[in-house]
Amino acid sequence: MAAYDAFLLLSFGGPEGPDDVLPFLENVTRGRGVPRERLAEVAGHYQAVGGVSPINGQCRELLKSVAAAFAAGGINLPLYWGNRNWQPFIEDTVRQLKADGAERVIAFVTSAYSSYSACRQYLDDIDRAVAAVPGAPRIDKIRPYFNHPGFIEPFAASAEAALARLPDAAQARARLVFTAHSIPVGMAAASGSRSTGTAVTAAVGGRYAAELGEASRLIAERTGSGAFPCDLVFQSRSGPPSVPWLEPDVTDHLAALAKGTAVDGTPLPQGAPSGVVVVPVGFVSDHMEVVHDLDVAAAQTAASIGLPFARATAPGSTPRFAEMVRELVEERVSGATPQALGPFGPRAYPTSAFAGGAASCPGDCCRYTPGRPSRPA
């Protein structure tokens, strides 16, 4: 099996002070024609919490937890961290890996799903960084893990805890509302690979929405009695109205639930719920899009219509999640049996185009050319 000499945590990045906010947003949206007023609007979300995104602190804590999990499992790898959009930038981290003598690196990305922005773009980030550093190490990216027990189980425990935070009278007929990052419909349709049969072409949302739906199902059946009705909706949309993105939006959905209907007006068989537990299934950690779009915007919507609301926390800070990272590394290092719940099974192992061999993530997988931001700021 593969022998690695370093571990790389690869993430999105975020500002760590008020002066970082606009430069960070400019990095996220560079070359994509996002109006300055939109940047100012999103900057306000960050400035409202001191200009600091939670994501970098969460990455630091995750690295500590992974180090402990590695030590407990007998994995002796130095840990590195690189981001797409803010310090430490991945190219700088690759330079450090090269300087430290690393030759083959295993990379874990803080995104569990298959789509351009969730997976393929990180492979492209790796390729660009490796190409910019002569003599850079080979970097292999760990597979998508949306149905790994270490992702599903802590989410289910968190949903159960959130359910208990609803008023007693609201718990019995509560509804689980799973949320994920909206992406352009075209990007979603391109998720997966047609050449290897992992693309899902028969439904809007493609492989991305199918994986989200499967993760939601796995969590829901492990929450309480497993009988709570549930929905998959989207949040954090960005881009012009002329470009279709995945819907419905979580706030529109909550408003409809209070009336006992879906967003399109279809009556719900169960009627209006007594409360909602919102589960950010599309996210690894409680970063800015969760903190603002759910804890502020969605919570305010629910309060305005009298709908009891509780949010489950994302799993990235749990010991089980760090153990999952170790288990995913062990799949590559020692050939441990891949773990996956449900019928989807484990995905293939993506590798960088600069790996010097056949990539197990095929070239057509999740290929998409965005004309607008691939991930909202």
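Computed from heavy atoms alone, side chains included, the values below leave out hydrogens, waters and symmetry copies. These numbers were taken from a predicted model, which means no experiment stands behind them.
Not a single salt bridge (charged side-chain N to carboxylate O under 4.0 Å, His left out) links R222 to another residue, sequence neighbours left out. With sequence neighbours left out, the side chain to side chain contact (heavy atoms under 4.5 Å, CB included) criterion links S114 to P144, R207, E211, R347, C366. A170 is linked by a side chain to side chain contact (heavy atoms under 4.5 Å, CB included) to L166, P167, S274, P308, counting only residues two or more places apart in sequence or in another chain. Take D100 and apply the side-chain hydrogen bond (donor to acceptor under 3.5 Å, both in side chains) test, not counting sequence neighbours, and it matches Y80, Q96. With sequence neighbours left out, the side chain to side chain contact (heavy atoms under 4.5 Å, CB included) criterion links S195 to S193, P362, D364. Applying the side chain to side chain contact (heavy atoms under 4.5 Å, CB included) test to E221 and every residue at least two apart in sequence or in another chain returns R217, L218. Every residue was checked against the salt bridge (charged side-chain N to carboxylate O under 4.0 Å, His left out) condition with K98, not counting sequence neighbours, and none meets it. Applying the salt bridge (charged side-chain N to carboxylate O under 4.0 Å, His left out) rule to E41 yields the partners R38; only residues at least two apart in sequence or on another chain are considered.
Annotation: ring pair (Phe, Tyr, Trp, His ring centres under 6.0 Å) contacts involving residues 327-346, sequence neighbours excluded, comprise F146-F344. The salt bridge (charged side-chain N to carboxylate O under 4.0 Å, His left out) analysis of residues 158-183, with sequence neighbours excluded, yields the pairs R175-D231. The ring pair (Phe, Tyr, Trp, His ring centres under 6.0 Å) pairs that include a residue from residues 147-176 are Y145-F151, F151-F155, where partners are two or more places apart or lie in different chains. Note on residues 292-339: pairs passing ring pair (Phe, Tyr, Trp, His ring centres under 6.0 Å), not counting sequence neighbours, are H45-H292, F108-F321.
Checking S236 against D293 by side-chain atom types alone, a donor-acceptor pair falls below 3.5 Å.
Summarising the local packing, CG of D264 is surrounded by more than 12 heavy atoms from other residues, nucleotides or ligands at distances under 6.0 Å. Within a 6.0 Å sphere centred on CD of Q270, other residues, nucleotides and ligands contribute more than 12 heavy atoms.
Residue W86 forms a side chain to side chain contact (heavy atoms under 4.5 Å, CB included) with just one option from I55, V28, N56, and that option is N56. Checking H253, R311, Q235 one by one against T179, the side chain to side chain donor-acceptor pair (under 3.5 Å) holds for a single residue, Q235.
Under the 4.0 Å criterion applied to side-chain N and carboxylate O atoms, R237 and D249 are not assigned as salt-bridge partners. Using a 4.0 Å cut-off between charged nitrogen and carboxylate oxygen, D127 and R120 do not count as a salt-bridge pair. Salt bridge E323/R326: absent, no basic N to carboxylate O contact under 4.0 Å.
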Next item on the list: Report the C-alpha distance between F228 and V277 in whole Å, list the side-chain angles of each, state the deciding distance to 0.1 Å, and finish with yes or no for side chain to side chain contact (heavy atoms under 4.5 Å, CB included).
Entry: CA-CA 10 Å; F228 290 101; V277 170; over 6 Å; no

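With contacts defined as side-chain heavy-atom distances shorter than 4.5 Å, the pair I219/L176 does not qualify.
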